[in-house]
Structure formats: C-alpha cells, structure tokens
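Here's the structure we're looking at; comments come further down.
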Protein chains: 2
Amino acid sequence: MKVVIVGGVAGGMSAATRLRRLDETAHIVVFERGGHVSFANCGLPYYAGGVIEDRDALLLQTPESLAARFGLDVRVRTEVTAIDPVARTVTARDVRTGAEFTEPYDSLVLSPGASPIVPDIEGVERALVLRDVDDVDRLVAAVGDSATSAVIVGAGFIGVELAENLRRRNLDVSVVELADQVLAPLDPEMAAPVADELRANGVRLELGTQVTSIGAADVTLADGRVLPADVVVMAIGVRPEAGLAVAAGIATGPRGGIAVDDRMRTSAEHVYAVGDAVEKIDAISGQPGLVPLANPANRQGRLVADVIAGLPVRPRRVVGTAIVGVFSLMAAAVGWNEKRLRAAGRPYRAIHTHPQSHAGYYPGAEGMSLKLLVDPETDAILGAQGVGGDGVDKRIDVIATAMVGGIAASELADLELAYAPQFGSAKDPVNMLGYIADNLRVGTAATVQWHELPDLLAAGVVLVDVRTPDEFAAGSIPGAVNVELDELRSRLHELPDGELVVHCQVGQRGHTAARLLGQLGRSVRNLDGGYRTWQSAQVRVGEPV
Amino acid sequence: MKVVIVGGVAGGMSAATRLRRLDETAHIVVFERGGHVSFANCGLPYYAGGVIEDRDALLLQTPESLAARFGLDVRVRTEVTAIDPVARTVTARDVRTGAEFTEPYDSLVLSPGASPIVPDIEGVERALVLRDVDDVDRLVAAVGDSATSAVIVGAGFIGVELAENLRRRNLDVSVVELADQVLAPLDPEMAAPVADELRANGVRLELGTQVTSIGAADVTLADGRVLPADVVVMAIGVRPEAGLAVAAGIATGPRGGIAVDDRMRTSAEHVYAVGDAVEKIDAISGQPGLVPLANPANRQGRLVADVIAGLPVRPRRVVGTAIVGVFSLMAAAVGWNEKRLRAAGRPYRAIHTHPQSHAGYYPGAEGMSLKLLVDPETDAILGAQGVGGDGVDKRIDVIATAMVGGIAASELADLELAYAPQFGSAKDPVNMLGYIADNLRVGTAATVQWHELPDLLAAGVVLVDVRTPDEFAAGSIPGAVNVELDELRSRLHELPDGELVVHCQVGQRGHTAARLLGQLGRSVRNLDGGYRTWQSAQVRVGEPV
C-alpha cells in the first residue's frame, strides 16, 4: 500500500505516524511545500518575541528523525501541483530545482492547511504573514536590530499574540482591526478586558478602522491618520487552501473548504482530506463550517489513518474550543457566542459571572469573567467564554467536556470539581454557572442583559443598585438608586412602584435582592453579571475607563 | 414554616441561605455547637502555617452578617442534644451557660459533619485535631513561639497539608502513617512522588508504622523509636457524626453514616440530613458510601432547601473528586483507584502517562503523572489520578466531568481542549489517555502493568528497553536489554526468540516499538507508563531514589 500525504504539519503528520504504527509495511510519502514538517506553528509568535529562544525548539521532527523512527519518506520544499484522481497520481515539483515528477498513490491524504488572507491594498507586498517557519524567519529578520515600530492588521488570536510578542521586542506596536472589538470569537463585553490589557501594555489599538495603504515605513488608516510601521504583519484571518483539490474536481463545501464525510473522504475516490483545509461539522448546528484549530486537525489526521487502515472510527463534531494568552490574561471560548446566536435567530439565555480563580480566603486568587450561553428550551450548553487570569483554561475545558458529554447547563451545578483552597472553590465557578442556569430554568431567577438595560430604563423601569454606598460612589450606572442589600428589608418603602431591575457588582447580591423583592410581590429582574459586565460593555469602543 | 438546621458549616449553611432565597417568610434557625458558622474549614491548615495571615479571612460569615442579609436566626455555641421526631422538636443546650431549651420545627435538617478519629492510646489527651476554628486556635497556640517539633499521625489529605504548613513554621515535622504509602485515595505508584516531595522538604515520613504512645514532648512508634513531638496532631480520618440521629431512632447506612434517600430524607418524617454525616450513592458502584468532601456537602445543602421548598430536584451520585497541594506538587483523584477495583474483584484496565503541563517547546512546562482506570467491557471511566505540577487539577476536573457525562475512556481522544502552547498541547494529556484507551480497546496496543513485570520476567519473558543508551545507562530495569527504538528495525536479529515486553521512559516510544514488533510477528506488550511508573512503584516503601 502506498499512501501519499500532502502537507507535513499537524493533520498530515498525525496521519503519517499513526498509519506507520498501524501498518509497518505501507509506503508513506509526505510532500511538504515549505522547508519544515511537524513544526510548532502555535509557537511561532513566541519565537518571534524571544520567549522561545531556540529556533530548533520549533522543529519537533525533521525528515531525518521521521525516517529513522517511522520509516517515512518525507520530502520538504516539494509542492504538489496537480492530482489525477483517475490515474491515482499526483504531480509534484521540487521548489528549489523546479523539477517536476509524478507520484502514484493508493490513498491520498490532503492536509494543505489554510493560508493567511492578504488584502489587495497599496504596498501590501511589504506585509508579512505568519504561517510557517520561513515566515517567522522573515519576521525576525525584518524586526532585526533597527526596526522600532510594527503594525499588525487584525486583532484575532494571531494578531494579539503577535502584539504581545513584538512589544517584548520593544517595538512601538499598533493593532488595526476592522471590527469594534478584539478577538471575534468573544462577545464584545468579554473582549473588552483584553483590549484594556493590550492598551495597558502599551499596544496602540485602532478598532473599527482599517489600513488603506502601506508605505515604506508607515501605514495609512481609512481616516487618513498615519501609523509608524517598520514592520507590517497581516493577521486578518485564513482561508482554506482548497485550490489543489478544486483543480482536481474535488467538491468544496458552502464555506469554501474541502468537503469531507465523517470518514474524511472527499468527493474523489481514495482521496481524503483533513485539517484547516476541510469543513468540519459544527456540534451546535450540525452544519459544515471552518474550524482552523490544531486539536481537530491532529484528531482528523489520526482518524484518517484509522480509516485507511480499515479500523472502525467514530464520527466527530467540533465545538471549536480555543484559547489565547494576552500578556497576563487568558481568553478562551467554546461553541457559539451571543453574536452568532442572535445573527442566526436562535433563542438563548446568557449568563455572566465574575468569579475568582480559587477560594477568596486563600492568597493569590485572580479574577475572571465567564459567560455561558444556554438553549432555553433544552437547557443545552450552546457556548461559553472566559477571560481573566489563572484558571480560565480549566473552566472552559470543563464546559467543553460537558458539552460533548451532553451535560445540561443546570447540571453544571452537580459537577464535582477538585477543590482545595489554592485550586478552586467548594462551589466552583462552573458550579455557579450551573446554579444560575438552574435558577433561570425553574424560574427562581429572572435576569436582564446589559444590552437590554437602555430600553428598560427608557420605559420607566427603576434600577436599584444593592451594593454598598462606597461601591456606589466609586462608579454607578446612570439612573440607578442605591439601597444596600442588607438594608433592603427595612428600606422597602423607599422603592418606587413599578417594575424593578436590581444589580450589584457581579450578580450574586442582586440575585438575593431579586428573590427578596419578588417574594414581596414586586416585579423584579436581576442585571446579569452586575455592574462589572455592564461596565465592560460600555468601554468596548474607545478608551478603557 | 419553621426550619431548624443543626450545623452551620457547608451543607447546613448552604441549606439555610438557599432556603431564605426561596422563602422570604420561613423562620430559619441554625444551631452550631462550635463558635463559628460558615468558616473556611479547608483553609485551616493554611492559617496554621501562616499562608492565610488574617484569622478573620477564615470567617466567611458571622451570625450577624447572616441575620442582616438572610434573616437567619443563627445561634453558635449551641448544641442540639436530642431530637423528638414525633413531637417535631429538638432539645438544645447553650454550651456556655448549660441552659437547655426545646425548639419546635416543621422541617429539620441535620448537618453535623464528621469528627476526627482519635485512637485510644496512652497520652492521646495531649493530641490535637483539626476540624474547626477552635481547633486551629488551639494548634496555633500549641505551636506558639517555643515548639520545635510536631508529629502528625496520618498521611491523608489533612495530614500532608498540616505537614507542609508546620514546616512553614520551621518545626521539625514527622508524619506517621500505618499504610505503606501516603494519600490513600491514590495508588502506591502515584503516591510515591508525593512522599518524595514531603521528604525533599524536610518532612520525616514514617510509613507502615504507628504511634503507640504519646509522651510529654515526644511519641513512641511501634518499633520502639521515639520521635520529638512538642505538638501532636491526629489526622487519621473522620467518622460521620451520626450519634444524635441514632439516638432519635433514625436509620444509618452500612458505613455508619445517616441514611438518606435521593431527596436527603432520613428515615424520620420531616427530618433531612446532608454533608459529611450522610451516606452518598457512589457513581461507580451505585452503593452508599462516605464521601466527606465540601463540594457534595454544599450541593446537598442546596438540594435539601429545594426539596423543603417543593422544587423538583435531580438525584445525584458522587464521583468523589478530591485534590491536595503538597509543597510544589498537587495530587488529585476521582472515582475508584486500582486498589479498590482489585479488592472488589472488578475488571479494569490501567493506563499511566507522564505528560507535560503544556507544549514542551514553550518554556516552563511542568511534568505530571496521570492514571486512568477503565472498564474493559464498557470502556467506561472508573477513576483517575494525577500528581505533579501545574495543570493536574485541570485534567482531573475534565475527567470528572467526562465521567458524569458518560464519555467513554476512548472518547477522551475526541475532546477539544483549549490549546495554546502555554496552556496545553495540541494533543492534550487527556486526549493522550483517550488515544491509549482506544488502542487498548480495539487491540492496537497491549500493555503490562508494573506489578505484573516480576512474574513475567520470572517466566522468561524478555524485556527490551527501547530508550537511548544514555537513558539506559542512567538507570534501567534489572534484566532489560537495550535496543534503541530508532535502531530497532536494523537490529531485530539481536532480540531473542519468545515473548517480549518493551518499555521506554513514559510509554510512547514503547508503543511505537510494540506496534513495529507486533506487525513483524513478535508477541509483544508495552510496559504501561514505562520506566517512570516502574521506578515510582519501586520506591513506595523506604527512601526515594
């Protein structure tokens, strides 16, 4: 059996090594257009910033090590230029010599990945991208000893990682983003702390605008302003590299990725595809979509090897768990966000909390914000987001696991998560999300979202801030009246008639207040996430408060 | 409605506050025998060690704060001495004055907790225990400025936490444990690194022995040796405080805890019980057992409030997730361990791995050891253990969630866990456990456990160490022959005929070697967990290597 694999990173290399372990006698050829296989692509920004000092650390395997251990025939700097699915051959070209040759296969695995999108603007030929080791070599060379400024176009995961790392190199760093928030996978009020963190670390953040031209040492924005830019990096997103497949008549899906079934088979017989180039079935919608992440790529690589070797496989849908570090923060997401749910017209409940990473009585707890999105009919978890310090990754991983396990939102209350005071809380932040979801489900809580507040206030709803007078004095929501929770029973008469919304700092005291007032006959809802969420939502465009 | 709650910590106080939020008009009385309610009992060792500097930080609520916010009638230093389930009254006694009184109830919630076991040995009246704030006050006073030594009896969670914290106070600390390992919830080879960590931090660890008498400033061990002991703390375990319930004719379960149904109802009408005093249904066996942990106690407290308020509730089984910090390590466990499975005669597969907390190419990764126990028939996860640095808590929490969600062991491979190089790996340690479980399930891997090795070697099985010659030279398993993995194909002829066991450092190269040899017709199994697990198992009694 001869298996040809196009692309020697993540999915492609997972397929190759798994296949070898399953079949000692298969002839396995891996063609890689770039100069390196199996490199740490998620580490590239950190090598650019000097966090990873040794370039060799990025090179997890070499053609030689793969030959020695797995008997793989790995050929770098070799581009596959055509597929003949009928003859079962590929045409390949040695990038260095230009020599072309034809390679037959019994099975073909396409793992070409996704390529950075480069917009057609003046001067863009000077812009760098960050996809592989050659790219990072170019970036490091461009920074050199003399560059003093950089503009990063795009405030997605790669963009903010690059911003942090080029600040480490003491560059003047600007990030230009067309949207009015950073990190599109997050909702705006969850992304706001990340924007604050970038600015607090000296990154110039230009949201809601774009670069219209690139000069020799600067860029020009849509409003005519000019930013210094010895180095320009395009990080506005990626698109699947489906060209080779399309040219061979292989079908693509609605999002432009190579279409595959749940055994990674393309429309051409004996041709499989994996990784960032293919469309994956979204766990929430059941529809194909693009999820360019390392974990599903690796998993698909292993799965396609099992398919080729004739092992049984399980279909797998993706929830798209992702995380990024931004200076001292981490931001993570899984499933759908509120923006996407609203755009799709899908009903949801949103829950915001602001817990601590571990028990507050133990030193060193770090704050975080969590958001949970819930199907109001089924109580299913639709998505979650987290931003903050230590422990955000853990909570998102637990929720991602719960989603896959079919654990309902309110059942998060029942999870037994490891508790000692330095690692968590007896009621873990994930449990608290479950408690709130359960209250909303059975009707022992009713909440309003930050974006509903303006209309409610305009309609005459009274907003009661149940925090202490000191907290109220330090900053409050315009129009709120302050009656401290612990005085609420005795000062009930001060509250005007009519519908009430209560709020506290993070939502917990507000819940107690709403329960109290509701049982006394008042129509009352609690502001979800409290002052903290409201405040984050206010600063999403413009300067941090 | 009048609800009387006996015990104002964890379960009791969760019940009281939830009940208030559900019923603004209920009369809620909480009797607490000790001087404090709702204190941070898991923080007590850290206050003793000075990590938590402010004693008030332990007191999360006071009777006054609970009256102000929740309208609770909380009476500390008040011991309930009798229950009359027919008259629906309790008899209570003011501990300070001795005055007795009778209090009627509509519903009674028992949350008396569990009390430290104190063995009947000479001089034991000098020994301290650590259950509440009064206890930690006594401990801090006993350490004072003049104590120079301490003996802790018991190397369970509290024992090792106390050992760490009394070392922080610069005492000479000995821990005496009857078992031949620390931390009974772990299997011996998983507990070994914890013992090493204790010793490396100057704790004298006496395993497999016991204290037979306590003198004025020392203790005597079973073998006659004498250890210095200005302070002696008993931490050998707890037993449920079921005495009050038993005296009232309320049924207990097979383990001596108060028996409750899935609505926390005891055998007496209108009497409920929650927390460490009750028997909980184990998720693996479906049988009642004792699980004295904060998370289930809090959860039950909330649940009983829902029951009393007439809300629907879900039955809940416990998996018993627990974690402890030991100097720079953390050790965590969920579900059943191998010892328990073997004792119960229940079939299982064990999987050991030694992954890094995050991608190895990113600086600062910390090592850990994980163990997964799997039902070989159903592929269900039966338990897991972890010990190591950063990220053990996350992996155990994910596995605990998977267990509750009914995610099979091999499906752990499919989990999408948040990956950026500083937080995890593209193939997370939990995914790797799933990959191995899947290989064992479908037969693409076969392993032997460390404890099977002696018999196999005695039977003539050849052990092949596929690590590099340098690794082999630095320490090897007696009897192993060394053929490096990358040379295995070319040096096949060096291997003797007959059955083979291969091993590497952690199991991964061994797997590749076993696949290779198996396909070439050899009968071969891989040593699960490799040299690392084998080595940990060797040092479980005696000094660390």
Side-chain angles (χ1 to χ4, degrees), chain A residues 10 21-22 24 40 42-43 46 51-52 57-58 60 68-69 294-296 298-299 311 316 318-325 330 332 359 361-363 393-394 396-398 400-402 404-407 413-423 426-427 442 444 485-486 512 515-516 519-520, chain B residues 10 21-22 24 40 42-43 46 51-52 57-58 60 68-69 294-296 298-299 311 316 318-325 330 332 359 361-363 393-394 396-398 400-402 404-407 413-423 426-427 442 444 485-486 512 515-516 519-520:
Chain A
R21 289 192 298 268
L22 295 176
E24 176 63 19
C42 297
Y46 299 93
V51 177
I52 299 170
L58 298 174
L60 309 178
R69 180 153 304 173
N295 172 305
N298 282 303
R299 185 75 189 96
L311 289 180
R316 181 194 186 218
V318 296
V319 292
T321 318
I323 190 167
V324 64
M330 50 181 117
Y361 64 81
Y362 190 95
D393 56 336
K394 177 164 73 173
I396 293 297
D397 277 357
V398 165
T401 304
V404 170
I407 293 173
D414 295 338
L415 292 179
E416 289 168 69
L417 302 171
Y419 166 54
Q422 63 274 57
F423 308 121
K427 296 171 187 167
V442 303
T444 44
L485 171 58
D486 289 354
T512 298
R515 290 300 307 162
L516 194 170
Q519 291 182 74
L520 298 177
Chain B
R21 289 192 299 270
L22 295 176
E24 176 61 21
C42 297
Y46 299 93
V51 177
I52 299 171
L58 298 174
L60 308 179
R69 179 152 303 173
N295 172 305
N298 281 303
R299 185 75 189 99
L311 288 179
R316 180 191 188 224
V318 297
V319 292
T321 317
I323 190 168
V324 64
M330 48 181 118
Y361 65 82
Y362 190 96
D393 56 337
K394 176 164 74 172
I396 293 298
D397 278 357
V398 166
T401 303
V404 170
I407 293 173
D414 294 339
L415 292 180
E416 289 168 69
L417 302 172
Y419 165 54
Q422 62 274 56
F423 308 122
K427 296 171 186 167
V442 304
T444 45
L485 171 58
D486 289 353
T512 298
R515 291 300 307 164
L516 195 169
Q519 292 182 75
L520 297 176

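This structure is a prediction, so every number in the text was calculated from the model and none was measured. Proteins get letters first, then strands, A, B, ... in listed order; numbering begins at 1 in each. The figures that follow rest on heavy atoms only: side chains count, while hydrogens, waters and symmetry mates do not.
The residue among A:Leu22, A:Val51, A:Thr444 with the most heavy atom pairs within less than 4.5 Å of chain B is A:Leu22. Chosen from B:Thr321, B:Val404, B:Leu520, B:Leu60, the residue pairing most often with chain A at heavy-atom distances under 4.5 Å is B:Thr321. Heavy-atom pairs under 4.5 Å with chain B were tallied for A:Ala332, A:Gly320, A:Gly406, A:Ala359; the largest tally goes to A:Gly320. Looking only at heavy-atom pairs under 4.5 Å with chain B, the residue among A:Leu58, A:Asp397, A:Leu485 that has the most is A:Asp397. The greatest number of non-hydrogen atom pairs below 4.5 Å with chain B, out of A:Ala294, A:Ala57, A:Cys42, is found for A:Cys42. Contact tally against chain B (heavy-atom pairs below 4.5 Å) for A:Leu417, A:Asp414, A:Leu516: the top residue is A:Asp414. For the set A:Gly405, A:Ala418, A:Ala420, the entry with the most heavy-atom pairs within less than 4.5 Å of chain B is A:Ala418.
Looking at B:Leu311, the atoms closer than 4.5 Å to chain A (heavy atoms on both sides) all sit in the side chain, from C-beta outward. At a 4.5 Å heavy-atom cutoff, the contact between B:Arg69 and chain A is made by backbone and side-chain atoms alike. For B:Thr512, the parts lying near chain A are the backbone and the side chain together; criterion is any non-hydrogen pair under 4.5 Å. Looking at B:Glu24, both its backbone and its side chain come within 4.5 Å of chain A, counting heavy atoms on both sides. Both the backbone and the side chain of A:Arg299 come within less than 4.5 Å of a heavy atom in chain B. B:Ile407 touches chain A through its side chain: at least one heavy atom from C-beta onward sits under 4.5 Å away, while N, CA, C and O do not. Of the two parts of B:Tyr46, only the side chain, counted from C-beta on, holds a non-hydrogen atom closer than 4.5 Å to a non-hydrogen atom of chain A. Of the atoms belonging to B:Val324, it is backbone heavy atoms, and not side-chain ones, that fall under 4.5 Å from chain A.
In plain terms, the two heavy atoms of B:Pro421 and B:Tyr361 that are nearest each other are CB-OH, 3.3 Å. Of all heavy-atom pairs between A:Pro363 and B:Ile52, the closest is CD-CG1, 4.0 Å. Here the closest heavy-atom approach between residue B:Val318 and residue B:Pro296 is recorded as CG1-CB, 4.2 Å. When all heavy atoms of A:Ala402 and B:Thr401 are compared, the pair lying nearest together is N-CG2, 3.8 Å.
Judged by distance alone, the side chain of B:Glu416 and the main-chain N or O of A:Ala322 form no donor-acceptor pair under 3.5 Å. When atom types are taken as modelled, the side chain of B:Asn295 and the backbone of A:Leu415 share a donor-acceptor pair closer than 3.5 angstrom.
For A:Asp393, the side chain to side chain contact (heavy atoms under 4.5 Å, CB included) partners at least two apart in sequence or on another chain are A:Ile323, A:Met330, B:Lys394, B:Phe423. Remark: A:Arg515 pairs with no residue by the salt bridge (charged side-chain N to carboxylate O under 4.0 Å, His left out) rule, at least two apart or across chains.
Atom NZ of A:Lys427 is separated from atom CG of B:Asn298 by 4.5 Å, given to the nearest 0.5 angstrom.
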